[in-house]
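To start, the structure under review is shown below, and the notes come after it.
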There are 2 protein chains.
Amino acid sequence: MALDRIDFAILDTLQKDGRISNSALAEKIGLSQSACSRRLDQLEKSGVIEGYHARLSNGALGHRMTAIVHISLSGQFEKSLAEFEAAIKRCPNVLSCHLMSGEYDYVVRIAAKDLEDYERIHKEWLTAMPHVIKINSSFALREVVDRTSMGIRPETA
Amino acid sequence: MALDRIDFAILDTLQKDGRISNSALAEKIGLSQSACSRRLDQLEKSGVIEGYHARLSNGALGHRMTAIVHISLSGQFEKSLAEFEAAIKRCPNVLSCHLMSGEYDYVVRIAAKDLEDYERIHKEWLTAMPHVIKINSSFALREVVDRTSMGIRPETA
DNA sequence: TATGAAAATGCGGAACA
DNA sequence: TGTTCCGCATTTTCATA
């Protein structure tokens with residue numbers, strides 16, 4: 001799907017305010033309401049927009065600690081990977097998880113209330129996952145940036 | 001702010017569908033439209049809901065590669081950290097960045113079109129940031145989980 | 001531009017301390 | 001008796017054909 005600068009403007013706006021009304025969006029980017037609505041439909045149907053989500057404050061919900069955990073499995077067979085991934089998806093404290101090249105198999109970001117809570121998660125979830133042989137935990141002192149998608153650069157929008 | 005199970009149900013729903021209408025939300029959680037709207041206002045004003053965002057497909061926008069980069073600075077003075085963080089915030093390819101305890105100072109997640117694009121980002125952005133003395137890049141083979149906030153567990157909602 | 005749907009707001013009433 | 005929250009009705013705003 002080919003995107004033009006108006007599409008990028010729509011994406012940029014919706015990335016910053018996912019609940020903006022169609023009429024406000026149309027006015028902001030200088031399009032009629034109907035044209036704006038049609039483009040939005042296209043962007044959603046084509047999969048460029050995957051969904052809309054409320055961003056909740058982990059802190060306000062009592063989760064003030066972020067851990068970044070490097071995990072290795074005992075083997076890299078696809079079956080082992082699939083079993084581990086199914087398990088990690090079930091853990092509600094997992095914010096992100098990537099299968100990696102390099103020294104460790106997975107990098108996992110975890111939200112916890114505090115160190116005690118992290119200990120629980122480590123014990124009840126991480127060490128209980130199938131095929132895990134090595135777990136290396138680091139803790140975030142500060143969150144500097146956190147977004148799900150790349151910023152739309154002004155020069156492309 | 002004290003949250004009850006109705007609040008958790010609202011948060012859970014909005015996390016999954018950030019553009020749901022107030023009336024649909026009210027019906028889903030079994031509340032009148034006005035009561036629902038008031039609670040939502042409160043959740044927004046109190047900071048539990050930080051915002052609403054469209055989730056864009058990095059793939060559909062041409063960014064098919066995710067790198068996880070560990071970065072060390074030459075000193076951990078607050079001034080050095082602040083200068084580095086100001087610089088990293090300016091890079092549009094940065095998805096997340098955390099100041100860490102442990103061996104490396106920062107863990108940074110980066111979106112790139114391909115390896116060539118990553119080389120450019122590495123050269124133009126990462127090595128150009130102030131106080132950086134060590135950069136260690138790993139590449140994601142697969143994204144298993146990616147969310148900004150913790151899942152609301154059914155038993156709490 | 002028109003029509004119906006949805007959101008904001010004000011008011012009354014119930015539950016509870 | 002004061003506070004908090006629900007629900008209904010009105011007004012205004014918005015989505016969509």
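By convention in this document, chain letters (A, B, ...) are assigned in the order of the sequence lines, proteins followed by strands, and residues within each chain are numbered from 1.
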Carboxylate-amine/guanidinium proximity below 4.0 Å for B:Lys79 and B:Glu83: yes
Shortest non-hydrogen contact from A:Cys91 toward A:Ile121: SG-CG2, 4.5 Å
Interface limits on DNA chain C, where chain B has a heavy atom under 4.0 Å of a nucleotide atom: C:dA6 to C:dC11
Expected output: side-chain B:Asp117 to main-chain B:Asp114 donor-acceptor under 3.5 Å: no
Audit row: A:Leu40, A:Leu14, side-chain contact (heavy atoms from CB on, under 4.5 Å) steps and yes/no: CA-CA 10 Å; A:Leu40 185 50; A:Leu14 282 170; 3.4 Å; yes
For A:Asn22 against B:Arg19, the heavy-atom pair lying closest together: N-NH2, 4.4 Å
For chain B, the stretch of DNA chain D it reaches, first to last nucleotide, under 4.0 Å of its heavy atoms: D:dC6 to D:dC8
Stepwise side-chain contact (heavy atoms from CB on, under 4.5 Å) test for B:His63 and B:Asn93: CA-CA 9 Å; B:His63 292 86; B:Asn93 295 78; 4.2 Å; yes
Steps toward side-chain contact (heavy atoms from CB on, under 4.5 Å) verdict (B:Gln15, B:Leu11): CA-CA 6 Å; B:Gln15 196 174 32; B:Leu11 293 174; over 6 Å; no
Salt-bridge criterion met for B:Glu78 and A:Arg142 (N-O under 4.0 Å): yes
Positions of residues 19-52 of chain A (non-hydrogen atom under 4.0 Å from DNA chain C), listed by number: none
Side chains of A:Asn136 and A:Tyr104, donor plus acceptor under 3.5 Å: yes
Stepwise side-chain contact (heavy atoms from CB on, under 4.5 Å) test for B:Tyr106 and B:Leu81: CA-CA 10 Å; B:Tyr106 290 94; B:Leu81 302 181; 3.5 Å; yes
